[in-house]
Asks: 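Can you read through this structure? Questions will come right after.
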Amino acid sequence: MKITPFLAVFFLVLIFSQEQPIQTTQLNELLITEKNGRAKIDAEKPATFPLGVTVLRNTIAKNFRMRKVHSNAETESCSITFLIDKEGFMTEVKAYGDNESFNREAERALLKIKDKWIPAELNGEKVRYRFRIPLTISFNQK
């Protein structure tokens, strides 16, 4: 008699835990690939900075104010993540690292770039695309 409620709960969990199919309207933005055992959403044509990667790096360096970073370490590093939306604008800029002043300055330096990006494409349609840029700063200790 005690096994009947257990079996009932087991079958209910089994029935309700079935995978729900993705609607076809959602599929046009997803291209899932396996990399290192992890699923990754990708695009056929990634978003690109119109002036090139070198200009992007130089512009971030030019916009970066070293005097605003407070640290006693020889080097500091962080990663900046952001999205390029369907219209080519940068959104959701966030820096992750141990030094908060370095994170804020990295975000500010990237947000100062007002150039519009060329959006990513999947199946001929423009889609959002996530970027991650690692940054490292070295302090000369004299």
Side-chain angles (χ1 to χ4, degrees), residues 2-3 5-142:
K2 291 182 181 181
I3 199 160
F6 175 73
L7 287 175
V9 170
F10 176 74
F11 285 116
L12 281 173
V13 169
L14 188 63
I15 291 170
F16 287 109
S17 68
Q18 296 295 318
E19 223 177 273
Q20 298 295 323
I22 297 174
Q23 297 177 3
T24 56
T25 57
Q26 295 173 341
L27 290 176
N28 63 353
E29 288 197 29
L30 300 178
L31 177 65
I32 300 176
T33 58
E34 279 289 319
K35 187 172 185 181
N36 299 331
R38 297 178 64 191
K40 178 184 167 200
I41 299 172
D42 207 354
E44 291 172 351
K45 182 180 167 191
T48 55
F49 190 66
L51 303 173
V53 177
T54 305
V55 173
L56 175 64
R57 288 179 186 157
N58 291 338
T59 306
I60 292 171
K62 185 182 84 177
N63 292 342
F64 200 89
R65 299 178 302 189
M66 292 277 291
R67 66 184 185 281
K68 295 290 184 175
V69 178
H70 308 290
S71 176
N72 294 329
E74 283 187 35
T75 62
E76 291 287 348
S77 59
C78 76
S79 289
I80 304 175
T81 61
F82 58 97
L83 287 176
I84 302 301
D85 65 15
K86 295 177 183 182
E87 289 79 37
F89 294 106
M90 212 177 345
T91 62
E92 299 181 31
V93 176
K94 183 70 180 157
Y96 301 94
D98 293 334
N99 187 317
E100 194 62 32
S101 64
F102 182 55
N103 294 345
R104 295 304 128 238
E105 188 56 29
E107 289 174 4
R108 191 202 64 77
L110 187 63
L111 285 169
K112 267 193 96 164
I113 301 172
K114 299 298 180 191
D115 294 318
K116 210 171 154 181
W117 290 60
I118 300 167
E121 289 185 19
L122 178 63
N123 297 328
E125 293 184 37
K126 293 181 182 349
V127 294
R128 297 182 334 153
Y129 194 81
R130 182 172 302 278
F131 267 92
R132 185 181 78 76
I133 299 176
L135 292 178
T136 303
I137 188 172
S138 295
F139 299 97
N140 293 333
Q141 304 291 338
K142 295 181 182 181

Asks: For Lys126 and Lys86, which heavy atoms make the closest approach, and how far apart are they?
Replies: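 The answer is CD-O, 3.4 Å.
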Asks: At what distance, to the nearest 0.5 angstrom, does CD1 of Ile84 lie from CZ of Arg130?
Replies: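 The CD1 atom of Ile84 sits 11.0 Å away from the CZ atom of Arg130.
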Asks: Is there side-chain contact between Tyr129 and Asp85, with at least one heavy-atom pair below 4.5 Å?
Replies: no
Asks: Output yes when a side-chain donor or acceptor of Asn99 lies under 3.5 Å from a complementary backbone atom of Glu76, and no otherwise.
Replies: no
Asks: Looking at OG of Ser79 and CG of Leu135, how far apart are the two atoms once the value is rounded to the nearest 0.5 Å?
Replies: 7.5 Å
Asks: Less than 4.5 Å apart, side chain to side chain, heavy atoms only: is that true for Trp117 and Leu56?
Replies: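 They are in contact (side-chain heavy atoms under 4.5 Å apart), so the answer is yes.
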Asks: Could you go step by step and tell me if Ile113 and Phe49 meet the side chain to side chain contact (heavy atoms under 4.5 Å, CB included) rule?
Replies: CA-CA 11 Å; Ile113 301 172; Phe49 190 66; 3.8 Å; yes
Asks: Among pairs that include at least one residue of residues 53-65, which meet salt bridge (Lys or Arg N to Asp or Glu O under 4.0 Å), considering only residues two or more places apart or in two chains?
Replies: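 Pairs touching residues 53-65 that pass the test: Arg65-Glu105.
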Asks: Answer whether the closest heavy-atom distance between the side chains of Ile80 and Tyr96 falls below 4.5 Å.
Replies: no
Asks: Write down the atom of Ala95, the atom of Glu107, and the distance for their closest heavy-atom approach.
Replies: N-OE2, 2.8 Å
Asks: How about CG on Asp115, more than 12 heavy atoms from neighbouring residues, nucleotides or ligands closer than 6.0 Å, or not?
Replies: yes
Asks: Got a second to check how far Ser71's OG is from Ile137's CD1, nearest 0.5 Å?
Replies: 8.5 Å
Asks: Could you tell me whether the side chains of Thr81 and Arg132 share a donor-acceptor contact shorter than 3.5 Å?
Replies: no
Asks: In terms of the angle between their ring planes, are Phe131 and Phe82 parallel, tilted or perpendicular, with boundaries placed at 30° and 60°?
Replies: parallel
Asks: Restricting to non-hydrogen atoms, name the atom on Gly97 and the atom on Cys78 that form the minimum distance, rounded to 0.1 Å.
Replies: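 For Gly97 and Cys78, the tightest heavy-atom pair comes out as CA-CB, 4.0 Å.
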Asks: Which heavy-atom pair separates Lys114 from Leu111 by the least distance, and what is that distance?
Replies: NZ-O, 3.3 Å
Asks: I'd like to know if the side chain of Thr48 and the backbone of Pro50 have a donor-acceptor N/O pair within less than 3.5 Å.
Replies: no
Asks: Sub-3.5 Å donor-acceptor pair from the side chain of Arg108 to the main-chain atoms of Asn63, do we have one?
Replies: yes
Asks: Donor-acceptor pair, Thr75 side chain versus Ser138 backbone, under 3.5 Å?
Replies: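 Not a single qualifying donor-acceptor pair exists.
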Asks: Please give me the minimum heavy-atom distance between Leu83 and Arg128, naming the atom from each residue.
Replies: CD1-NH1, 3.6 Å
